[in-house]
Structures are given as C-alpha cells and as structure tokens.
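These notes concern the structure reproduced below.
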Amino acid sequence: MLQPLCVTRPDCADSSLPAANQEANLQHARLVMSDGKRYAALTGQGTQWVIPAAGCLLQPAVGDLALVSLMGGQGYILTVLERGAPETPAEVTVPGDLRLSLPEGRLELAAARGMALDAGPALNVVARQLTAALQGADLACQALRLAGDEACSQWNTRTDVAGSRLDIATRSESHVEHSVRRIAGHEEVTAQSMRHTVEQDWSVRADTASLKARERVALAAASVQLG
C-alpha cells in the first residue's frame, strides 16, 4: 500500500474548502462491481464507491486493478494498473468534446487488424493533399457530390451502370480505338450542325429509311447506286 499523500499545505488552507485540509490516500484496489457510473473498489478500509477521474482515459471495468485516491469520503480512479480481462477490447472514454493538437508534430495511427470509424452525423476532413493506397474499396451512399477544378481517372477496366444518366459539358471530345454502341430502344440526336467524316466505308441499314431536307439533298460521288 502506498503512503498517504498530503495534497495541501497548512499555510495555504482555505476554510471554505474543508475537503482540501484532508489527506488523499492512494491505494491499489480491485474493482468488484459497478452501477454504470461508480465502481465498488476493494480497499484496505473495505469496499468503497469510486468514480473515474477526469484524467483516467482508459475506461475501467469490473475485475480491473486500479490506482484509487480516497479523501473525505470521496474516491477517484486515477488509472487502471491491470486489466481483469485483457482479451476484451479496451475503451478510452473522454466526457464532452476532445481536440488533439500537434502544433509542430505529426500524428500517425497504426492498427494491425484494421480500423473502424463511426463519426455519427458527420465526418469533416480538411487537408491540402490526400493520398490513399488501397487494394480494394467499397463506397455506398445515398447521394454523392464531387466538385473541383480538375478531375483525372485512369483504369485498365471500367464499367458504369446507371438507371438514368445526364452529361452536361461546354465541350466534349472522345478518343477511342474501337467503339460499339447497342441501343435497345430509341435514340435521338439534335444539333445545329453535324458533320461525319469516314475514311474508308460507311453503311446504313434499316427497315425504313427517310432522308428529309428543307432546301436540298446533295449526293456527290464517282458513282451512285440506288436499289
């Protein structure tokens, strides 16, 4: 058992704080039960109710061996010395908001068996640059919005499946080596001006074909075959 620790000096005692004139006793105690907020600690004076101190980040559990401070009928768990069930996940609890600040350092998190993040209603990430190296990724969301000045993606194989799709661009250009389009229903193209240039051959096959022009239709070729 540790020796009692005097937390006050006689020359600085304040009559308005009677508890400050007492000595805090530090003990190793086993936590034997809990009511959700308090813990029953088995001390040298018997079983006493104690609560986690503000600086006790590791959440105590029944069966743990803790360092407790007893003074004036009050008791605090300063830290957990030995976990009663080390095979169960440990929990670090901080009441209220928490902010980690590294003014001149770098924060690095490492987990050998993975990491799970539950941000509740919102997750905000602000960084000058984001780099992620993944073997696989699954993203599921009800609505996704991407905005920026420039976007570039490169894939060996890409498949897009959509029930409805709308593309709006001031200028669009595509370069492909081989292209095949299969449209099961109807396709309609509307343009102010359109020009098709085919270097080798061009053919149109249809059950019914109609060529309509408001002013004139011109066919220019070395030979024209109809029928």
Side-chain angles (χ1 to χ4, degrees), residues 2-3 5-9 12 20 24-31 34-39 41 49-71 74-162 167-170:
L2 299 179
Q3 295 297 326
L5 175 64
C6 181
V7 297
T8 62
R9 295 182 303 178
C12 62
N25 187 277
L26 302 182
Q27 298 188 28
H28 292 186
R30 184 72 63 177
L31 307 180
S34 173
D35 63 357
K37 295 183 178 180
R38 301 180 303 171
Y39 293 85
W49 287 106
V50 293
I51 60 175
C56 183
L57 302 182
L58 181 61
Q59 183 68 18
V62 175
D64 291 352
L65 180 65
L67 176 63
V68 300
S69 172
L70 306 175
M71 183 180 66
Q74 293 182 332
Y76 294 93
I77 301 175
L78 301 183
T79 186
V80 176
L81 302 175
E82 179 183 302
R83 298 184 60 208
E87 70 280 359
T88 61
E91 181 179 351
V92 177
T93 303
V94 177
D97 298 335
L98 173 64
R99 180 177 184 269
L100 298 179
S101 178
L102 287 79
E104 300 179 356
R106 178 176 179 266
L107 177 63
E108 182 175 344
L109 300 178
R113 298 184 179 180
M115 183 179 300
L117 177 61
D118 185 359
L123 174 63
N124 299 325
V125 178
V126 179
R128 293 183 180 179
Q129 182 178 354
L130 175 63
T131 301
L134 309 171
Q135 293 185 353
D138 294 328
L139 175 62
C141 60
Q142 293 183 352
L144 176 63
R145 180 179 181 272
L146 301 177
D149 294 333
E150 183 179 352
C152 178
S153 62
Q154 182 177 351
W155 308 97
N156 293 329
T157 302
R158 172 179 166 180
T159 302
D160 295 334
V161 180
D167 294 332
I168 300 176
T170 303

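Note that the numbering runs from 1 along the sequence shown for the chain.
Listed here is the closest heavy atom pair of L134 and A137: CD1-CB, 3.8 Å. Smallest separation of non-hydrogen atoms from P52 and Y39: CG-CE1, 4.0 Å. The nearest pair of heavy atoms linking L78 to A53 is CD2-CB, 4.3 Å. Nearest heavy atom pair, residue D64 against residue A61, reads OD2-N, 2.9 Å. Pairing each heavy atom of V68 with each of A29, the nearest pair is CG2-CB, 3.9 Å. Contact detail for A119 and L123: the closest heavy-atom pair is CB-CB, 3.8 Å.
By the 4.0 Å N-to-carboxylate-O rule, D160 lies close enough to R158 to be salt-bridged with it.
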| task | Apply side chain to side chain contact (heavy atoms under 4.5 Å, CB included) to Q59 and V92, showing your working. | result | CA-CA 5 Å; Q59 183 68 18; V92 177; over 6 Å; no
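With respect to P60, the side chain to side chain contact (heavy atoms under 4.5 Å, CB included) criterion is satisfied by exactly one of I77, T79, T93, I51: I77.
Side-chain N or O atoms of R30 include none that pairs as donor or acceptor with a backbone N or O of G84 at under 3.5 Å.
Within 6.0 Å of the CD atom in E87, the count of heavy atoms belonging to other residues, nucleotides or ligands exceeds 12.
To the nearest 0.5 Å, atoms CG (L70) and CG (L26) are separated by 8.5 Å.
At a threshold of 4.5 Å between non-hydrogen side-chain atoms, the residues L58 and E91 do not count as touching.
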